Visitor: 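For reference, the structure I am asking about is given below.
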Amino acid sequence: MKRSEVKEKYKWKIEDIFPSDEEWEKSFEKTSKSLDFAKYAGKLSDADTLLKFLKQSGEFDKNLTRLAVYAHMRHDEDAAISKYTAYYAKVGALNSKYATQLSFFEPEMAQQDDSYLNSLLTDKRFTDYDYDLKRIIARKPHTVSEAEERLIGMSGEILDSFYESFSMIDNLDLRLPEIEWDGNTVNLSHGLYGIILHSKNREKRKEAYEKYYSAYTSLINTLTSIYYGNVKKDVFLSKVYKFNSCLERALFSEDVDRAVYDNLIKAVDKNLPAMHRYIADRKKLLGYDKQYFYDIYAPLVDGVDVKYTYDEAYELVIKGLAPLGKKYQQLLKKGYDERWLDVEETEGKGGGAYSIGCPDCHPYVLLNYQPTLHEVFTIAHEMGHALHTWFSQSNQPFAKSQYTIFVAEVASTVNETLLLKYMLKEAKDENLKKYLLNYYLDSIRATLHRQAMFAEFEYEAHTLAENDQPLTKEVLCDLYAGIGKKYYGEDIEHDYNVSCEWMRIPHFYRAFYVYKYATGITAAINIVNRILNEGETAVNDYFRFLSSGCSDDPVSLLKLAGVDLSKDKPFEIAMREFEETLTEFEKLMGI
């Protein structure tokens, strides 16, 4: 389908950012001319000058973000339109100039007396920047000189080259073989591999699995070298910025207590018997003497083929999120009526789904909607992101409006979980109940257990490198296999291909990122249980969290919603949720 064939009601109203391309170009020209920050260098010890700098840089950042969002969205409408590719490139170049001009800021602030910096925290003129100032004070022991910072900045492309190399291999150069599928001979792709693994055809799953991993294992020496280089880069940067470990640096960057990471790993490890039980149940329900990893996504419930039009799906999401109250439902309706969403899959459109925020405007959501049950949850998920953005931007100054990655998946997962529980309650068909319970189990397994497993691997790999142990292919595969056996148990065959899975995980090139998926779903499960049990009080607490942006460290902000991840309890609640769901599923399935 061409974009011109889509009804206006199913296209996002991008004119709310800029009425036309001409207005974008005028704003770009004006913003470019306002790039004038070098004049502040050496003068930040004066509070009045510092305040002017913060206000001017904030305004520049806001305008640059609006330009970038518009260019990105236009490009994703149709990647074949080179005009918008050029727009995005222009924004990228302007951002690089901006970053270069601001390279003096952090080192200069680190040189200021603590008494001066602390005085700013009590100065009401700096209220919008108080959390940023607290972080500057905290970063002082880890700040390098301006010359060193500039050198590190100049080497940025080199330091990022490991991920770029992996991406080039993974997306372009990986020689995935052909496979017979749906009556045609086609090249196996990442997307098709996922589809086949979720199919009922076991022989085809096995064939796809073996062919897929054969492509990766043929490059094991190259991929080992690239990943090891990326880990050594992390070790290098942790030493440069005076951290004791790569994990410490990663957690510090988002102001997250080490206890959160440790609590996650400890709780998942402690409750692995429930995970092993689920794997054993899958083996029994599938009727296999031996279960392999290509069986792990095979459907357990047949006869569920529920289809929803987009309008029906959106209405279902509004109903399912009723526990969040009328205000939240009205905002969902506002998003639908005022065209925050781009719905249809069209030629050249960006794939997948995402939400994107824009200063001084409402958030937007990109979909490629298909009439399936999974896509209903995608709407709930992305609108969770969107309304988190809406609450934050409506209640915080721009400097505090951008919530961190650590909490980014909480609101989206709250929405999915509330919707699932609503559908379970309303389901009249027993098969649909089985399907939904299985969907929930797999969501927790994939987002909590699996990401915790990834996090353990990252930690152990980095610890080895920090202790000057070389990461050979044998070391990495043995490490991954050992952790995998612990997580999945004895009711699945642990073959060589599985020990090589680390080679194909893109997130490993952003070290200590994946654990945040696990903490996100943990927080969401706790919040949903509070909302369903305590009603309005819990909803109001949740809205306080949604409205908090980045006004404090993310662990403290989650406490506003009644979740303290520095304690064991939230993780135990999430683990119990998995086990109770498993028990209910087993009862319905008769096992």
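None of these values were measured; they are calculated from a predicted model. Numbering of residues begins at 1 and proceeds along the displayed sequence.
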Visitor: Is the shortest side-chain heavy-atom distance between K516 and E254 below 4.5 Å?
Guide: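 Yes; the side chains approach each other to less than 4.5 Å.
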Visitor: From I195 CD1 over to S189 OG, what is the distance, rounded to the nearest 0.5 angstrom?
Guide: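 Output value for this atom pair is 7.0 Å.
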Visitor: Using side chain to side chain contact (heavy atoms under 4.5 Å, CB included), reason through N529 and I573 one step at a time and then give a plain yes or no.
Guide: CA-CA 9 Å; N529 285 341; I573 288 173; 3.9 Å; yes
Visitor: Given salt bridge (Lys or Arg N to Asp or Glu O under 4.0 Å), test D46 with K43 step by step and report yes or no.
Guide: CA-CA 6 Å; D46 176 73; K43 302 176 183 178; over 6 Å; no
Visitor: Quick check on side-chain hydrogen bond (donor to acceptor under 3.5 Å, both in side chains): which of H388, E382, H381 does H385 satisfy it with?
Guide: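 Running side-chain hydrogen bond (donor to acceptor under 3.5 Å, both in side chains) over H388, E382, H381 with H385 returns exactly one hit, H381.
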Visitor: If you count heavy atoms of other groups shown closer than 6.0 angstrom to CD of E536, is the number above 12?
Guide: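 Atom CD in E536 is not packed in, count stays at 12 or less.
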Visitor: If we ignore angles and hydrogens, is there a donor and acceptor under 3.5 Å between the side chains of S566 and D564?
Guide: yes
Visitor: Could you check V69, I14, D16 and say which one makes a side chain to side chain contact (heavy atoms under 4.5 Å, CB included) with C361?
Guide: D16
Visitor: Can you see whether Y310 engages E375 through a side-chain donor-acceptor pair at a distance of less than 3.5 angstrom?
Guide: no
Visitor: Indicate yes or no: at least one non-hydrogen side-chain atom of E458 is less than 4.5 angstrom from one of Y513.
Guide: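 In short, these two side chains do not touch, never coming nearer than 4.5 Å.
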Visitor: I'd like to check L387 versus L546 (side-chain heavy atoms, cut-off strictly below 4.5 Å). Are they in contact?
Guide: no
Visitor: Could you report the tightest heavy-atom contact between D552 and L557, atom names first, then the distance?
Guide: O-CD1, 3.5 Å
Visitor: Got a list of side-chain donor-acceptor pairs under 3.5 Å for residues 32-42, not counting sequence neighbours?
Guide:
{"residue": "S32", "atom": "OG", "partner": "F28", "partner atom": "O", "Å": "2.8"}
{"residue": "S34", "atom": "OG", "partner": "T31", "partner atom": "O", "Å": "2.7"}
{"residue": "D36", "atom": "OD2", "partner": "K39", "partner atom": "NZ", "Å": "3.3"}
{"residue": "Y40", "atom": "OH", "partner": "Q56", "partner atom": "OE1", "Å": "2.7"}

Visitor: Using a 4.5 Å cut-off on heavy atoms from C-beta on, say whether the side chain of L341 contacts that of Y10.
Guide: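 The answer is no; the side chains never approach within 4.5 Å.
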Visitor: Between D21 and K83, does any NZ, NE, NH1 or NH2 come within less than 4.0 Å of an OD or OE carboxylate oxygen?
Guide: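 Looking at K83 and D21, the cut-off is met.
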Visitor: Run R125 and D48 through salt bridge (Lys or Arg N to Asp or Glu O under 4.0 Å) and show every step you take.
Guide: CA-CA 9 Å; R125 296 178 300 166; D48 292 335; 2.6 Å; yes
Visitor: Would you call D337 and K333 a salt bridge, using N to O less than 4.0 angstrom?
Guide: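 Yes.
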Visitor: Any ion pair linking K349 and D76 (charged N to carboxylate O, less than 4.0 Å)?
Guide: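 Between K349 and D76 there is no salt bridge, as every charged N stays at least 4.0 Å from the carboxylate O atoms.
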Visitor: Can you tell whether the side chains of E338 and K13 come within less than 4.0 Å, N to carboxylate O?
Guide: no
Visitor: Answer whether the closest heavy-atom distance between the side chains of N63 and F60 falls below 4.5 Å.
Guide: no
Visitor: So which of E8, E77, E344 actually passes salt bridge (charged side-chain N to carboxylate O under 4.0 Å, His left out) with R3?
Guide: E77
Visitor: Should the pair R544-D541 be classified as a salt bridge under the 4.0 Å nitrogen-to-oxygen rule?
Guide: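 A salt bridge links R544 with D541.
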Visitor: Look at the rings of Y509 and F166 and say which category their plane angle falls in: under 30° parallel, 30 to 60° tilted, over 60° perpendicular.
Guide: parallel
Visitor: Distance alone, cut at 3.5 Å: any donor-acceptor contact between the side chains of Y517 and H507?
Guide: yes
Visitor: When you check the gap from the basic side-chain N to the acidic O, do E59 and R66 get nearer than 4.0 Å?
Guide: no
Visitor: Rounded to the nearest 0.5 Å, how far apart are NE2 of H362 and CZ of R339?
Guide: 9.0 Å
Visitor: Locate the shortest heavy-atom distance separating F571 from N263; write the atom from each residue and the value.
Guide: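 The pair with the smallest heavy-atom distance is CE1-CB, 3.5 Å.
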Visitor: Please find out if less than 6.0 Å separates the ring center of Y87 from that of H75.
Guide: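 No, too far apart.
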Visitor: Would you check if L532 and P323 make a side-chain contact, meaning some heavy-atom pair closer than 4.5 Å?
Guide: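 A side-chain contact under 4.5 Å exists here.
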Visitor: Listed by chain and number, what are the side chain to side chain contact (heavy atoms under 4.5 Å, CB included) partners of D61, not counting sequence neighbours?
Guide: T65, Y98, F398
Visitor: Does the side chain of T537 pick up a donor-acceptor pair with the side chain of E534 at under 3.5 Å?
Guide: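 No donor-acceptor contact under 3.5 Å links the two side chains.
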Visitor: If you round to the nearest 0.5 Å, how far is CD of E312 from OG1 of T309?
Guide: 3.5 Å
Visitor: Taking NZ in K140 as the centre, count heavy atoms belonging to other residues, nucleotides or ligands within less than 6.0 Å. Is the count above 12?
Guide: yes
Visitor: Specify the closest pair of heavy atoms between A446 and Q451, including all atoms of both residues, with the distance to one decimal.
Guide: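 Between these two residues, the closest heavy atoms are O-NE2, 3.2 Å.
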Visitor: Determine, step by step, whether L117 and L121 satisfy the side chain to side chain contact (heavy atoms under 4.5 Å, CB included) criterion, reporting the C-alpha distance in whole Å, the side-chain angles of both residues, the deciding distance to 0.1 Å, and the verdict.
Guide: CA-CA 7 Å; L117 294 175; L121 296 177; over 6 Å; no
Visitor: Using a 3.5 Å distance criterion without hydrogens, assess whether the side chain of S165 forms a donor-acceptor pair with backbone atoms of S161.
Guide: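 Pair found, side chain donor or acceptor close to backbone of S161.
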Visitor: Give the minimum heavy-atom separation between T522 and P570, together with the two atoms involved.
Guide: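 For T522 versus P570, the nearest heavy atoms are CG2-O, 3.5 Å.
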Visitor: Evaluate side chain to side chain contact (heavy atoms under 4.5 Å, CB included) for K9 paired with Y336, printing each intermediate quantity in order.
Guide: CA-CA 8 Å; K9 65 180 290 190; Y336 178 90; 3.5 Å; yes
Visitor: What is the minimum heavy-atom distance between Y308 and V376, and which atoms define it?
Guide: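 Where Y308 meets V376 most closely, the heavy atoms are CD1-CG2, 3.6 Å.
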Visitor: Is it true that D255 and R135 make a salt bridge, defined as a side-chain N closer than 4.0 Å to a carboxylate O?
Guide: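 Yes.
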Visitor: With distance as the sole criterion, is a donor-acceptor pair present between the side chains of N395 and K400 under 3.5 Å?
Guide: no
Visitor: For a quick test of reading the model, state the closest non-hydrogen atom pair linking P554 to F406 and the distance between them.
Guide: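 Smallest interatomic distance, heavy atoms only, reads CB-CD2, 3.6 Å.
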Visitor: Does a donor on one side chain sit under 3.5 Å from an acceptor on the other, for N415 and Y328?
Guide: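 Looking only at side-chain atoms, Y328 and N415 do form a donor-acceptor pair, the distance falling under 3.5 Å.
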Visitor: Test side chain to side chain contact (heavy atoms under 4.5 Å, CB included) on W390 and W340; report intermediate values, then the result.
Guide: CA-CA 11 Å; W390 186 91; W340 296 5; 3.8 Å; yes
Visitor: Determine whether the aromatic ring centres of Y439 and F377 lie less than 6.0 Å apart.
Guide: yes
Visitor: Would you give the length of the straight line joining atom CD1 of I17 to atom CG of D360, rounded to the nearest 0.5 angstrom?
Guide: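 Here the rounded value is 11.0 Å.
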Visitor: Does any non-hydrogen side-chain atom of L316 lie less than 4.5 Å from one of M423?
Guide: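 Heavy-atom side-chain distance check passes, below 4.5 Å.
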Visitor: Would you say the side chains of D342 and Y369 form a donor-acceptor pair under 3.5 Å?
Guide: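 On atom types as modelled, these side chains do not qualify, holding no pair under 3.5 Å.
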Visitor: Quick one: pull up CD in E248 and OG in S253 and give me the separation to the nearest 0.5 Å.
Guide: 11.0 Å
Visitor: What class does the angle between the rings of Y354 and W12 fall in, given that below 30° is parallel, 30 to 60° is tilted and above 60° is perpendicular?
Guide: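 Y354 vs W12 ring planes: tilted.
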Visitor: Hey, could you give me the OG1/CG distance between T346 and N368, rounded to the nearest 0.5 Å?
Guide: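 With rounding to 0.5 Å, OG1 (T346) is 7.0 Å from CG (N368).
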Visitor: Between the side chains of Y131 and D553, is a donor N or O closer than 3.5 angstrom to an acceptor N or O?
Guide: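 Judged by distance alone, the side chains do not pair up.
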Visitor: Can the positive tip of R139 be found less than 6.0 Å from the middle of the six-membered ring of Y241, inside 45° of the ring normal?
Guide: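 That pair does not qualify as a cation-pi contact.
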Visitor: Are any of the side-chain heavy atoms of Y440 and L424 separated by less than 4.5 Å?
Guide: no
Visitor: Closer than 4.0 angstrom, basic N to acidic O: yes or no for K319 and E426?
Guide: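 Salt bridge flag = no for E426 with K319.
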